[in-house]
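Working notes for the structure below.
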There are 2 protein chains.
Amino acid sequence: MARAGREPGQAASTRRRGAALEEAILRAAAEVLRESGVPGLTMDEVARRAGTNKNALYRRWPNRVALGVAAYRRLAAARTAPPDTGSLRGDTLEMLRRANSTWSSPYGEILRGLIAAAGGTPELLAQLRDPAADGAHEAAWLTLLGRAVARGEAAPEALHPRVAYVPMALLRNEYVTLGTPAVADAVLTEIADEVFLPLVRGRGPQGGTPAPQAPPRA
Amino acid sequence: MARAGREPGQAASTRRRGAALEEAILRAAAEVLRESGVPGLTMDEVARRAGTNKNALYRRWPNRVALGVAAYRRLAAARTAPPDTGSLRGDTLEMLRRANSTWSSPYGEILRGLIAAAGGTPELLAQLRDPAADGAHEAAWLTLLGRAVARGEAAPEALHPRVAYVPMALLRNEYVTLGTPAVADAVLTEIADEVFLPLVRGRGPQGGTPAPQAPPRA
DNA sequence: CCTTATACGGTACTCACCGTACCCTGTGTG
DNA sequence: CACACAGGGTACGGTGAGTACCGTATAAGG
């Protein structure tokens, strides 16, 4: 089965080139990723499914991982409209739950596999980052935080990318250090209630500390 | 060169067994890790250096990654006495800088390589976690925080593992999402000044929010 | 319409490494 | 002293990355 690389409708004698062929390869690679995950993504298999050969692949991507990343980008649709539950806590938990289910889904496994396979190569990681990669954009967190500030639930100084992304960083950290199974919902609420909400709420200077900006290098 | 697996002092006819052989294997594996990193850690090479063969290896570890993890544990000494600079900010930055230099060092690269190779296997990740793995124990952060509470620099409610580990999680997140190069010092101070210190300082309830414990599931 | 550079397709091959299978031999134990 | 067992030597099967040719369809250019 699946010996044919082209659809039956296409004339078998048509030789694909350029963008058309690239499309077919990426489609095949994405299919393999979905079916067999990152370890199953072999150049031979992708070439076979695309009805071409490894030459065409290596002419476009330098190695297996690069192809995998390119293929993943078409798998990850930009599915993140920030939630609006009316409270910061609700929004936070909703975002965390979305991300958690994405990361523990097959797509999340693929993403984690690719991150691992990238082995810290900055270019590959960058390509993996933008396309809705973690199931939640940084931008979404900022708008969500912005609404909270408007409602008076959060201090204006908290409207900072580094602050906004704290919950996602903590969640990702769970996956990195603990491994595959989905993170328990209790952890999500703990991240929200013990870290994010307190952080975002009170930032009034009540402890004696040096100037928060322009640190004098301890 | 390096054809001989045993030291010249040893009688060549002595056949090592049990713990002695295991020692030799782990020593060889750690050596390979140091010289060639995780990708260079091949079973053949380790067996060659240890002056034995792959049988002895597979009799003890199920696969290459397991051996790598075991070898790493002897590389990572327990080098973390929590700093005591007198201020929470100083301690925090010191811890972050230590961790940053560990993670960007060759040892950090090995650790990151092993985490990647573990592919999310919980057991392997667990073995990687305890031995000073990230260059900073959770315990160290807790004692450091405890001192800050005693000095009045931090609110008592902040003495919580999830809170204490926030800086490390954020730092690790940088490595995971950005890749190899060392994290800039400015990022460390930002983590301290924009996130950790504000979080730990003011936790007074000043925004209107539902009960922080026992969430009613949004 | 013919020529030509280019990219496809097909195939075979090298290389490295994982993991396994034998088989012989040294060693500690009963 | 016999024997079970682990160590040592070696070879092998299998898989997948990446490379090398070589003939050929196709698009571009004269």
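Residue numbers begin at 1 in each chain, while the letters A, B, ... track the order of the sequences. Any value given below was found using the heavy atoms of this structure, including those in side chains, with hydrogens, waters and symmetry copies removed.
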Query raised in the report: Knowing that exactly one of B:Leu41, B:Leu26, B:Thr52, B:Leu33 qualifies, which makes a side-chain contact (heavy atoms from CB on, under 4.5 Å) with B:Val46?
Result: B:Leu41
Query raised in the report: Atom CD of B:Glu45 to atom P of C:dA16: distance rounded to whole Å?
Result: 13 Å
Query - Between C:dG10 (C1') and A:Leu57 (CG): distance, integer Å - result: 14 Å
Report summary line: The nucleotide from D:dG7, C:dG9, C:dC18 with an atom nearest the side chain of A:Arg16 is C:dG9
Requested in this report: I would like to know whether B:Arg162 and A:Glu194 meet salt bridge (Lys or Arg N to Asp or Glu O under 4.0 Å); could you show each step before the answer?
Outcome: CA-CA 7 Å; B:Arg162 180 79 52 192; A:Glu194 298 294 330; over 6 Å; no
**Report entry** Per A:Thr52 side chain, nearest of listed nucleotides C:dG9, C:dG19, D:dA17
**Finding:** C:dG9
Report task. Whole angstrom is fine here: how far is it from CZ in B:Arg48 over to C1' in D:dG8? Result -> 16 Å
With 3.5 Å as the limit, what N/O pairs link the protein to nucleotides 19-23 of chain D?
{"unit_1": "D:dA20", "atom_1": "N6", "unit_2": "A:Asn55", "atom_2": "OD1", "d": "3.1"}
{"unit_1": "D:dA20", "atom_1": "N6", "unit_2": "A:Asn55", "atom_2": "ND2", "d": "3.4"}
{"unit_1": "D:dC21", "atom_1": "N4", "unit_2": "A:Asn55", "atom_2": "ND2", "d": "3.1"}

Query - Nearest-nucleotide pick for A:Leu21, side chain only, options being C:dC17, D:dA17, C:dC8 - result: C:dC8
Query raised in the report: Relative to the ring of A:Trp103, is the ring of A:Tyr175 parallel (under 30°), tilted (30 to 60°) or perpendicular (over 60°)?
Result: tilted
Report task. State plainly whether the residues B:Glu22 and B:Arg27 are in salt-bridge range, i.e. N to O under 4.0 Å. Result -> no
**Report entry** Euclidean distance, atom CG of residue B:Leu41 to atom P of C:dA16 [Å, nearest integer]
**Finding:** 17 Å
Query raised in the report: Base, sugar-phosphate, or nothing: which does A:Leu67 touch, judged by heavy atoms less than 4.0 Å apart?
Result: nothing
Query raised in the report: Looking only at side-chain N and O atoms, does A:Arg60 come under 4.0 Å of OP1 or OP2 in C:dC8?
Result: yes
Query raised in the report: Who pairs with B:Glu35 by side chain to side chain contact (heavy atoms under 4.5 Å, CB included), at least two apart in sequence or on another chain?
Result: B:Glu31, B:Arg49
Query raised in the report: Which residues pass the side chain to side chain contact (heavy atoms under 4.5 Å, CB included) test with B:Thr42, sequence neighbours left out?
Result: B:Asp44, B:Glu45
